[in-house]
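First the structure, in the form of structure tokens, and then the observations on it.
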Number of protein chains: 2
Amino acid sequence: MATVSIKEVAHRAGVSVGTVSNVLNHPDTVAIATRRRVLSVITELGYVRNDSARQLRAGRSQTVAMVALDLANPFFTDVMRGAEIAAEAGGVNVMIFNSGEDTARERRHLDMLGGQRVLGVLITPVDETNNARLDRLVERGIPVVLVDRGSGSHERCSVAVDDVLGGQLAGQHLREQGHHRIAFVGGPFSIRQVSDRHTGFTAALNDGPDVRLFSTSNLTVAAGREAGQTIAELPAAKRPTAVFCANDLLALGVLQEMTTHGVSVPRDMAIVGYDDIEFAAAAAVPLSSVRQPREQLGRAATQLLLEEVNEPQSHEHRHVVFRPDLVVRESSATKVTASAKRGK
Amino acid sequence: MATVSIKEVAHRAGVSVGTVSNVLNHPDTVAIATRRRVLSVITELGYVRNDSARQLRAGRSQTVAMVALDLANPFFTDVMRGAEIAAEAGGVNVMIFNSGEDTARERRHLDMLGGQRVLGVLITPVDETNNARLDRLVERGIPVVLVDRGSGSHERCSVAVDDVLGGQLAGQHLREQGHHRIAFVGGPFSIRQVSDRHTGFTAALNDGPDVRLFSTSNLTVAAGREAGQTIAELPAAKRPTAVFCANDLLALGVLQEMTTHGVSVPRDMAIVGYDDIEFAAAAAVPLSSVRQPREQLGRAATQLLLEEVNEPQSHEHRHVVFRPDLVVRESSATKVTASAKRGK
DNA sequence: AGATCAAATTGAATCGTTTTACATCCTGAG
DNA sequence: CTCAGGATGTAAAACGATTCAATTTGATCT
């Protein structure tokens with residue numbers, strides 16, 4: 001309960017507070033004997049530096065904050081992991097906050113971070129368009145990096161993954177497998193990711209087969225099942241032989257419905273998802289999926305942030321765009337290479 | 001860039017710093033005209049309180065920390081959500097940290113939290129046994145609440161869910177369904193949750209059928225599939241007609257393998273999982289599962305913490321144990337009530 | 001011994017708030 | 001007209017660390 005300060009340590013060690021501080025921050029400037037004495041008093045009293053005082057003096061903290069859109073989504077926990085790794089390498093701490101897609105909560109968090117004088121903020125904002133609060137942080141010298149929200153803005157750095165390319169990869173793959181009747185399952189198109197993936201997908205098939213669109217109202221397994229049922233009930237001759245889904249949840253729903261209706265995957269129907277969530281590999285028929293380098297995303301974002309923190313004047317804002325890649329598994333393999341590919 | 005302080009505001013408003021502080025903290029003690037003037041200067045200059053200074057003065061922050069064992073696990077994100085709700089109600093902030101089951105990382109986080117003088121800590125420690133660092137926090141007046149780690153210790157509060165009871169619920173349920181050959185899939189037993197669930201399960205069946213044990217080396221879908229294969233390949237006459245799995249991932253693996261081997265669920269085989277993860281309801285055959293009140297866990301933990309913070313002297317440490325409940329879905333329903341029960 | 005210089009240590013100022021004891025002003029009661 | 005006492009407002013002292021100019025100490029060289 002008695003919180004012990006540097007002054008008390010100094011007194012007990014028979015030195016001045018300045019010396020104690022030096023032991024902590026510039027150990028090489030203090031004589032070895034003194035250093036040892038001070039250190040032993042420190043452990044004896046259980047002294048712990050008061051970071052508030054430290055930060056007050058320094059003018060800023062040693063912490064960056066990540067404000068995630070939805071921590072229940074594994075995408076963000078992976079990004080977080082990457083951020084933690086990069087932060088550790090840079091000698092700073094990461095504090096995680098969760099906006100839960102709630103503007104008010106996001107606002108509260110940002111205000112608080114401003115008051116805390118954090119080093120910088122990594123954020124996937126709820127609202128892509130109105131970022132006044134972020135601008136205010138930047139004005140006050142707190143750099144902000146956007147994650148997975150590539151507003152081409154030149155005001156700040158951003159990291160993102162190329163969703164158009166992701167769609168293209170899926171399209172090329174299915175085309176190479178010789179499919180002619182192909183469908184896209186996904187929606188709503190107001191979500192940039194969805195429309196980008198669709199755009200890339202159709203582009204890859206532009207001189208080939210038409211893409212039939214099955215629009216969904218959200219990105220859940222249930223929605224996938226609904227679409228899957230519609231598809232499975234089509235007469236076999238008109239039914240697509242391949243489906244690309246805007247995310248893995250949809251794909252899993254479609255897959256289940258195919259199984260239920262006796263449509264064999266991949267023989268009668270190839271399926272490709274997006275995100276490569278953990279369950280993709282663990283599905284009844286392991287699911288092909290477009291993988292995003294999520295951890296890298298977090299690492300890169302943090303590195304950009306620290307760069308800006310450390311060289312504010314020479315820093316130029318950059319927009320890093322990563323390439324996703326396609327993980328082919330049984331659900332879309334022409335020849336079922338089966339267990340060999342059943343990775344994790 | 002020019003970070004503006006209370007002094008500047010005071011100067012521009014033609015008052016003393018004390019008055020500005022009062023406007024912020026005791027608005028009713030300052031004349032309405034002055035208050036307005038000060039407030040307008042504040043917004044004009046974009047002044048933001050420096051929390052470091054505030055905390056230094058106050059001796060503590062207005063933040064509680066939650067150190068999660070593994071944020072990639074939805075269990076903890078739900079607990080987190082509960083904690084956030086309760087914290088908000090109590091007027092404090094929550095900072096989330098992730099130890100990722102890594103002792104070193106946990107240690108670093110705890111040290112940092114000590115330095116930050118947080119109000120209190122919610123934690124699921126990596127190591128159940130050695131909590132010296134937690135003791136040190138407590139000694140220094142920072143209360144700690146254990147989450148899902150019910151060390152009967154009288155040193156601190158804890159919240160947990162009764163896993164023995166959870167196992168019992170599953171056992172009773174399967175017994176009521178008239179099953180005679182019953183199996184338990186799970187492991188390793190060094191994990192308390194696993195052994196508790198097993199204990200409760202066998203207890204519920206003690207005067208009835210024997211429980212055949214299929215031990216796994218971890219709690220993944222892959223492990224579940226392995227066990228499922230073994231089970232499915234038993235001659236139908238000796239094969240269990242019901243399986244209780246130590247968690248949902250195992251259950252999903254078992255379910256897949258049954259489907260593959262043409263064993264109909266639930267007709268030939270009932271399956272019950274544990275955790276009620278989001279995918280449980282979305283599985284090909286919606287999965288019965290034992291649900292833990294995870295959000296409540298977080299809420300309760302935070303409330304205990306805040307209680308201890310606010311009344312340190314009168315506070316008595318408590319151990320709150322929640323009751324899980326069984327969600328019956330198709331995978332274990334005698335009569336398939338089908339779509340009616342397909343709720344998310 | 002005295003001068004010189006590097007190494008070690010000190011003391012005070014500083015960061016931005018909050019708080020407390022005190023001063024000032026004003027109003028209305030006596 | 002005076003005075004008590006409530007409203008307002010102020011100045012200065014904390015809070016705990018870091019830093020920097022100044023000082024002391026001690027060793028080395030002549």
Side-chain angles (χ1 to χ4, degrees), chain A residues 1-39 41-42 45-63 112 114-119 140-142, chain B residues 1-39 41-42 45-63 111-112 114-118 140-142:
Chain A
M1 185 181 162
T3 161
V4 21
S5 77
I6 209 178
K7 206 189 298 182
E8 214 172 313
V9 173
H11 181 244
R12 284 280 275 264
V15 299
S16 74
V17 297
T19 300
V20 177
S21 173
N22 280 334
V23 169
L24 263 25
N25 303 295
H26 311 282
D28 36 325
T29 73
V30 22
I32 184 132
T34 328
R35 197 194 314 173
R36 265 209 279 272
R37 186 153 35 95
V38 170
L39 284 175
V41 173
I42 283 182
L45 296 187
Y47 165 75
V48 174
R49 244 208 207 95
N50 183 326
D51 281 330
S52 304
R54 193 169 151 77
Q55 283 171 32
L56 171 57
R57 185 73 234 264
R60 51 151 72 163
S61 76
Q62 277 305 310
T63 306
M112 191 248 250
Q116 300 258 27
R117 308 297 197 263
V118 292
L119 276 184
R140 306 225 314 291
I142 300 184
Chain B
M1 177 168 177
T3 160
V4 20
S5 77
I6 210 177
K7 206 189 298 184
E8 215 172 311
V9 174
H11 181 244
R12 284 279 275 265
V15 297
S16 74
V17 297
T19 299
V20 176
S21 173
N22 280 334
V23 169
L24 262 25
N25 304 295
H26 310 282
D28 37 325
T29 74
V30 20
I32 184 127
T34 329
R35 198 193 315 172
R36 266 210 277 271
R37 183 151 37 95
V38 170
L39 285 175
V41 172
I42 283 182
L45 296 187
Y47 164 75
V48 173
R49 245 209 207 91
N50 183 326
D51 281 330
S52 303
R54 191 172 155 75
Q55 283 171 33
L56 171 58
R57 185 72 237 261
R60 50 151 73 162
S61 76
Q62 277 304 312
T63 306
D111 287 347
M112 191 249 246
Q116 299 257 25
R117 307 297 198 263
V118 292
R140 305 223 317 289
I142 299 183

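Note on naming: letters A, B, ... go to the chains in the order of the sequence lines (proteins, then strands), and numbering restarts at 1 for each one.
- One finds no side-chain N or O of A/Arg57 lying less than 4.0 angstrom from the OP1 or OP2 phosphate oxygen of C/dT14.
- Distance, B/Gln55 CD to D/dA17 P: 14 Å, rounded to whole Å.
- Using a 4.0 Å cut-off, no side-chain N or O of B/Thr34 falls inside it from OP1 or OP2 of D/dT8.
- Each of A/Ser5 and B/Arg35 lies near DNA chain D, and the nucleotide nearest B/Arg35 is the one positioned closer to the 5' end.
- Here A/His26 reaches the OP1 or OP2 of D/dT19: one of its side-chain N or O atoms lies under 4.0 Å away.
- Shown are A/Leu39, A/Val38, A/Leu45; of these, the side-chain contact (heavy atoms from CB on, under 4.5 Å) with A/Val41 is made only by A/Leu45.
- Here C/dA12 presents its C1' atom at 15 Å from CG of A/Asn22, a figure rounded to the nearest Å.
- Proximity of A/Arg49 to the phosphate of D/dT18: a side-chain N or O atom is located under 4.0 Å from OP1 or OP2.
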| said: side-chain contact (heavy atoms from CB on, under 4.5 Å), that's the test. Do B/Val23 and B/Arg37 meet it? Break it down for me. | reply: CA-CA 10 Å; B/Val23 169; B/Arg37 183 151 37 95; over 6 Å; no
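- Put simply, B/Asn50 has no side-chain N or O that comes within less than 4.0 Å of OP1 or OP2 on C/dT17.
- Contact between the side-chain N/O atoms of A/Ser21 and the OP1/OP2 oxygens of D/dA17 is not found at any separation under 4.0 Å.
- As a whole-Å value, the separation of A/Leu24 CG from D/dA17 P is 9 Å.
- Nearest-nucleotide positions on DNA chain C for A/Arg117 and A/Thr29 put A/Thr29 closer to the 5' end.
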| task | Determine, step by step, whether A/Arg54 and A/Arg49 satisfy the side-chain contact (heavy atoms from CB on, under 4.5 Å) criterion, reporting the C-alpha distance in whole Å, the side-chain angles of both residues, the deciding distance to 0.1 Å, and the verdict. | result | CA-CA 8 Å; A/Arg54 193 169 151 77; A/Arg49 244 208 207 95; 3.0 Å; yes
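- One atom, CG of A/Asp51, and another, C1' of D/dT18, lie 13 Å apart when rounded to the nearest Å.
- Remark: A/Arg12 CZ is loosely packed, at most 12 non-hydrogen atoms of other residues, nucleotides or ligands lying under 6.0 Å away.
- In this structure the side chain of A/Asn50 never reaches within 4.5 angstrom of the side chain of A/Ser5, judged on heavy atoms.
- In the set D/dT10, C/dT10, C/dT17, C/dT17 carries the atom at the smallest distance from any side-chain atom of B/Arg54.
- Note: CD (B/Glu8) to P (C/dG16) measures 10 Å, nearest angstrom.
- Nucleotide C/dA13 holds its C1' atom 12 Å from the NZ atom of B/Lys7, rounded to whole Å.
- Protein atom CG of B/Leu56 is 13 Å distant from nucleotide atom P of C/dT19, rounded to whole Å.
- At the heavy-atom level, A/Thr19 lies under 4.0 Å from base atoms of the strands shown.
- At a threshold of 4.0 angstrom between heavy atoms, the contacts of A/Val20 with the nucleic acid are absent.
- Straight-line distance from the NE2 atom of A/His11 to the C1' atom of D/dG16: 17 Å, rounded to whole Å.
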